[in-house]
Amino acid sequence: MAIRNLLITLLLLFTSFSMALGHEVGNLGHYPVVVSTWPFVEAVRAAWRAIDSGFSAVDAVVEGCSACEELKCDGTVGPGGSPDENGETTLDALVMNGATMEVGAVAAMRYVKDGIKAARLVMQHTGHTLLVGEQASAFAISMGLPGPTNLSSSESVQKWSKWKENRCQPNFWKNIVPVDSCGPYHPKDIAELGKGTCSSANLMAAVESRSSHIGLHNHDTISMAVIDKEGHIAVGTSTNGATYKIPGRVGDGPIAGSSSYADDEVGACGATGDGDIMMRFLPCYQVVESMRLGMEPKLAAQDAIKRIARKFPDFVGAVFAINKNGLHAGACHGWTFQYSVRSPEMEDVEVFTVFP
């Protein structure tokens with residue numbers, strides 16, 4: 001009898017120890033979980049409905065980002081927002097499967113409104129990672145997505161018209177003439193630039209000129225991470241890019257490791273902000289690799305942001321990090337950041353605020 005009681009006690013201790021190590025995380029309520037940049041509550045609810053119904057992490061990411069595209073979240077996701085210099089709206093999107101490390105993405109896609117669905121089609125039906133421009137549009141339409149369709153809206157056209165009336169200011173050009181009109185633009189004469197062009201003072205002046213027209217409602221992204229009931233992780237990103245961007249510009253949205261990244265063995269990350277700066281640092285890849293080395297999500301997120309801020313102190317951006325056990329955190333620079341979460345212990349989506 002004493003031996004039997006001892007065995008039962010040891011079994012209970014082993015079970016408790018295993019749970020503490022996270023071997024039964026699914027039973028502890030840590031996942032499924034959905035995390036998204038910004039208070040895109042309806043998008044998170046859509047992803048949660050999918051994941052709670054037993055769909056995969058990839059399916060839930062597509063459902064969530066699709067909802068944001070349909071709702072035109074903040075005017076910076078989906079059709080009808082962020083006109084480029086020609087007044088046209090184009091889309092960038094990415095989806096990544098953290099179980100297989102497969103990625104599908106589209107960039108500068110015209111005439112097709114379903115960015116995240118087109119990205120999933122690239123992942124499912126090609127051996128490629130990224131398709132761009134009109135060829136991406138043709139591919140998406142050939143695979144059954146509706147199109148071609150005009151992605152502009154009355155609001156985006158009106159915004160573009162006012163920008164033109166303001167002599168196309170602000171814009172993303174530098175070291176060009178004329179500086180205060182709508183072009184056509186030409187490089188400055190080398191003699192005008194002088195020998196000090198590459199000095200740190202002139203570099204920071206260029207950065208400061210960017211920061212004046214980068215903000216929440218003209219330069220934003222939905223980046224979403226989902227951990228499904230099986231513990232598999234996926235991420236997705238959708239955006240219509242920077243307002244008044246130079247036609248052909250591609251930011252961080254469709255770049256794996258920059259706007260988002262996932263690995264079942266570690267966790268995931270999502271990013272938002274000045275993609276032209278952030279994509280030079282692959283912040284989400286950095287976050288996931290930092291967590292792989294043992295950093296908690298909060299420290300990993302802060303470290304990735306600090307790496308960018310050291311080189312570009314006026315940049316605007318943010319990341320969220322979530323590890324494979326569902327622990328999440330965020331970090332930001334240049335603005336106050338909010339991200340949304342839904343997990344089993346929550347009755348509805350909760351919004352977390354992060355200060356710079």
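On a predicted model such as this, the values are computed, not experimentally measured, just so you know.
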List the residues meeting salt bridge (charged side-chain N to carboxylate O under 4.0 Å, His left out) with [X], not counting sequence neighbours, and say none if there are none.
{"X": "Arg49", "value": "none"}
{"X": "Glu296", "value": "none"}
{"X": "Asp264", "value": "none"}
{"X": "Asp52", "value": "none"}

Report task. Answer yes if the side chains of Glu85 and Trp173 hold a donor-acceptor pair under 3.5 Å, and no otherwise. Result -> yes
Query raised in the report: Between Trp38 and Thr272, is any side-chain donor less than 3.5 angstrom from a side-chain acceptor?
Result: yes
Between [X] and [Y], is there a side-chain N and carboxylate O pair less than 4.0 Å apart?
{"X": "Glu165", "Y": "Lys162", "answer": "no"}
{"X": "Lys245", "Y": "Asp276", "answer": "no"}
{"X": "Glu265", "Y": "Lys324", "answer": "no"}

Query raised in the report: How is the hydrophobic cluster of Leu71 composed, in terms of its other members, when Ile, Leu, Val, Met, Phe, Trp and Tyr link through side-chain heavy atoms under 4.5 Å apart, directly or indirectly?
Result: none
Report summary line: Going by chain and number, the hydrophobic cluster around Met295 (ILVMFWY, side chain to side chain under 4.5 Å) further includes Leu299
Query raised in the report: Is the Tyr339-His328 ring centre distance short of 6.0 angstrom?
Result: yes
